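Reviewing the structure listed below.
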Protein chains: 2
Amino acid sequence: MAEPVYLRIADDIRKQITYGLLSANDPLSSEKELCSKYSVSRMTVRKSLSILVDENLLYSVPGKGYFTKKINRDKYLFLFDELDILIGSNKESQLMEVEIIKPTAELIYQLRVSPDKRIVVIKHLLYSDGEIVAYDIKYIPYFTGIPIVEKEINYITFPEIIASRTSIFDVHRKIAISMEIPPDEIINLLNISSLDPVIIIQQHILDQESLPIGFGQLYCHYKKCRIEGVSVIGE
Amino acid sequence: MAEPVYLRIADDIRKQITYGLLSANDPLSSEKELCSKYSVSRMTVRKSLSILVDENLLYSVPGKGYFTKKINRDKYLFLFDELDILIGSNKESQLMEVEIIKPTAELIYQLRVSPDKRIVVIKHLLYSDGEIVAYDIKYIPYFTGIPIVEKEINYITFPEIIASRTSIFDVHRKIAISMEIPPDEIINLLNISSLDPVIIIQQHILDQESLPIGFGQLYCHYKKCRIEGVSVIGE
DNA sequence: TAGTGGTCTAGACCACAAT
DNA sequence: TTGTGGTCTAGACCACTAT
């Protein structure tokens, strides 16, 4: 078998969408009609259609049929890793400090906690070619079992710390990249001028109900950071 | 039917992976064995397994079986739109200039073209709340049929311009975010201090063979840009 | 040779849409 | 009532892997 039948059918339908024979929200022929048209069984047609649904070119409505989707190609898939985004060859992360604090006003807001809740703070310094280029700070509401011993923390990722409380599949993350002139503490740590902005990468870790269970900020020297991604076809 | 059988089976296998009963690269029971275990047909088992393959928890090797995958949760999906990333409420894009030039040394490198090839340059200014906050410049090697009339260009996206030459499904994009102190031309346009870095979002549009067919750079005022994304489970 | 996943057929019943 | 997609069964043949 050179090319599976279901791929040939998927290609055929994809072309009809691509070349504009079908436009947004146009109904497709029914599965049964496509079975006759291509002389295949329903399962084969469904396999073809499922590929196009995965590609976000089609959606189906039970009892009605399949419809074409509007295309938006403005989604990028980014590989985001604290060390990967740093420019340089010798990169390493060093645990700086672990402490337990009472939440500031911002943390009360960001983590939706009460003022008397204790917060675990984990600070890292990130080095590139021997220089400090970034400072990372993570906040997690205290819970029994959370690792607070430095040795334990140094080798696990932010989601892993939190996953010790819940299943790793029940959390998702949001990220935001922006720039600001940082507070003095960061200016000193990164050894930059008081007028230089830094790149801030803000991470929110959320549970299934989208309630925050962790919050982190990475401050990075503006010359030492580069974030890369590739496009995906999306809704 | 409250919950389809294939979802119940997928959940069951997912739990075994999540809770560490199966670790990376462990072989799974064969489809046939799973059919017996859950008393369902092969198609139902395959549907369950295909979900887990889509979730990047499993991979299959023809003739051998299914195996569990190492999890990496460091991929983010970003919605990237030139106007969406600007901070502000009233945002608009204005075509500034279209011209045809001979390529500079950088363009010869970025677009892999010969020095005598003509390049179409499209410049936009991006406004937020009435202020110029970003400057966008796109380079596309000239080809017959490329829109160079201002009216035509103003309302189509970068990939769409290029897709007029090839199918939109044959192109993919790479993006990189970094910061730099920009050249004087940009300093003047954005009306910033000569010491302020800007956010540079670099876009490469590539064809099926990963050869460049378009190159663009967006220079954005560092205070006026914020890029957001959500995590996905990846390989 | 036996076992595996990949592909495919020809049916079936269900819940839901449109009429 | 008819047509639709969603789910599911019980087979089949193929290419590939391991022995």
Side-chain angles (χ1 to χ4, degrees), chain A residues 1-17 21-71 235, chain B residues 1-17 21-71 233-235:
Chain A
M1 231 165 304
E3 194 191 22
V5 181
Y6 68 83
L7 282 184
R8 234 208 61 237
I9 298 174
D11 286 344
D12 193 54
I13 299 171
R14 191 187 298 108
K15 270 185 193 138
Q16 294 177 44
I17 301 168
L21 303 179
L22 290 164
S23 40
N25 296 314
D26 275 359
L28 211 67
S29 311
S30 73
E31 291 180 351
K32 209 176 152 196
E33 286 167 347
L34 292 171
C35 290
S36 316
K37 176 175 177 187
Y38 295 106
S39 305
V40 293
S41 76
R42 195 167 156 224
M43 191 205 129
T44 304
V45 162
R46 282 179 64 78
K47 178 93 180 168
S48 305
L49 293 174
S50 77
I51 289 172
L52 300 172
V53 169
D54 285 347
E55 289 177 6
N56 258 306
L57 295 176
L58 293 180
Y59 64 97
S60 63
V61 181
K64 295 184 76 176
Y66 285 84
F67 301 88
T68 55
K69 261 188 142 168
K70 211 170 67 223
I71 303 167
E235 178 192 352
Chain B
M1 232 167 304
E3 193 192 22
V5 180
Y6 68 84
L7 281 184
R8 232 207 62 237
I9 297 173
D11 286 344
D12 193 53
I13 299 172
R14 190 186 298 106
K15 269 185 194 137
Q16 293 178 44
I17 301 168
L21 302 180
L22 289 165
S23 39
N25 296 314
D26 275 359
L28 212 68
S29 311
S30 73
E31 292 181 351
K32 208 177 152 194
E33 286 167 349
L34 292 171
C35 290
S36 314
K37 177 175 177 187
Y38 295 107
S39 305
V40 293
S41 75
R42 193 165 156 228
M43 190 206 131
T44 304
V45 162
R46 281 180 64 79
K47 178 95 179 168
S48 304
L49 294 174
S50 77
I51 289 172
L52 301 173
V53 169
D54 285 347
E55 289 177 6
N56 257 306
L57 294 177
L58 292 180
Y59 64 97
S60 63
V61 181
K64 295 183 76 174
Y66 286 83
F67 301 87
T68 55
K69 261 190 145 169
K70 212 170 68 224
I71 303 166
I233 298 176
E235 178 190 352

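Just so it is clear, the structure is predicted and the values come from calculations on it, not from any experiment. Sequence lines set the chain letters: A, B, ... in the order given, protein chains first and strands last, and positions in each chain run from 1.
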Minimum-distance nucleotide (side-chain atoms of A/Glu31 versus D/dC8, D/dG5, D/dT4): D/dG5
Please report the distance, rounded to the nearest Å, between CG in A/Leu28 and C1' in D/dT4. 13 Å
Respond yes when some side-chain nitrogen or oxygen of B/Tyr6 is under 4.0 Å from OP1 or OP2 of D/dC8, and no when none is. no
Heavy-atom closest pair, residues A/Ser48 and A/Tyr6: OG-O, 2.8 Å
Under the 3.5 angstrom rule, does the side chain of A/Thr68 hit a backbone N or O of A/Asp26 as a donor-acceptor pair? yes
If you compare every side-chain N and O of B/Tyr66 against the phosphate oxygens of C/dG6 (OP1, OP2), does one of them come in below 4.0 Å? yes
Minimum side-chain heavy-atom gap B/Leu58-B/Ile17 below 4.5 Å: yes
Could you state the CG-P distance from B/Leu34 to C/dG3, rounded to the nearest angstrom? 16 Å
Just jot down the salt bridge (Lys or Arg N to Asp or Glu O under 4.0 Å) partners of B/Asp11, sequence neighbours excluded, or say none. B/Arg14
A/Ser60 side chain N/O closer than 4.0 Å to the phosphate oxygens (OP1, OP2) of D/dG6? yes
Closer than 3.5 angstrom, by distance alone: can the side chain of A/Ser36 be matched with the main-chain N or O of A/Lys32 as a donor-acceptor pair? yes
Closest to the side chain of B/Val5, out of C/dG6, D/dG6, D/dC8, is D/dC8
Would you give the length of the straight line joining atom CE of A/Met43 to atom SG of A/Cys35, rounded to the nearest 0.5 angstrom? 11.5 Å
Side chains of A/Ile13 and A/Leu57: does their closest heavy-atom pair fall under 4.5 Å? no
B/Ser50: partners by side chain to side chain contact (heavy atoms under 4.5 Å, CB included), with sequence neighbours left out: none
What integer distance in Å separates B/Lys47:NZ from C/dT7:P? 15 Å
Could you tell me the separation between the CG atom of A/Leu52 and the CD1 atom of A/Ile9, rounded to the nearest 0.5 Å? 10.5 Å
Identify all pairs in which a protein N or O lies below 3.5 Å from an N or O of nucleotides 16-19 of chain C, and state each distance.
residue : atom : partner : partner atom : Å
C/dA18  : OP1  : A/Lys64 : NZ           : 3.4

Tell me the interatomic distance from A/Leu58, atom CG, to D/dT4, atom C1', rounded to whole angstroms. 15 Å
Under-3.5 Å N/O pairs linking protein and nucleotides 10-12 of chain C:
residue : atom : partner : partner atom : Å
C/dA12  : N6   : A/Arg42 : NH1          : 3.1

Interatomic distance, B/Tyr59 OH vs C/dT4 P [rounded to whole Å]: 17 Å
Value in whole Å for how far the C1' atom of D/dC8 lies from CD1 of B/Ile51: 14 Å
Roughly how far, to the nearest 0.5 Å, is OG of B/Ser29 from OH of B/Tyr66? 12.5 Å
OP1 or OP2 of C/dT9 less than 4.0 angstrom from a side-chain nitrogen or oxygen of A/Thr44, does that happen here? yes
Separation of C/dC8 atom C1' from A/Leu49 atom CG, nearest Å, is 15 Å
Sequence neighbours excluded, which residues qualify as salt bridge (Lys or Arg N to Asp or Glu O under 4.0 Å) partners of A/Arg42? A/Glu31
Secondary structure of DNA chain C in dot-bracket form (Watson-Crick or G-U wobble, distances below 3.5 Å, | marking inter-strand pairs): ||||||||||||||||.|.
Among C/dT4, C/dT9, D/dG6, find the nucleotide with the atom closest to the side chain of B/Ser30. C/dT4
Please round to the nearest 0.5 Å and tell me the distance separating atom CG of B/Asp12 and atom CG of B/Leu34. 9.5 Å
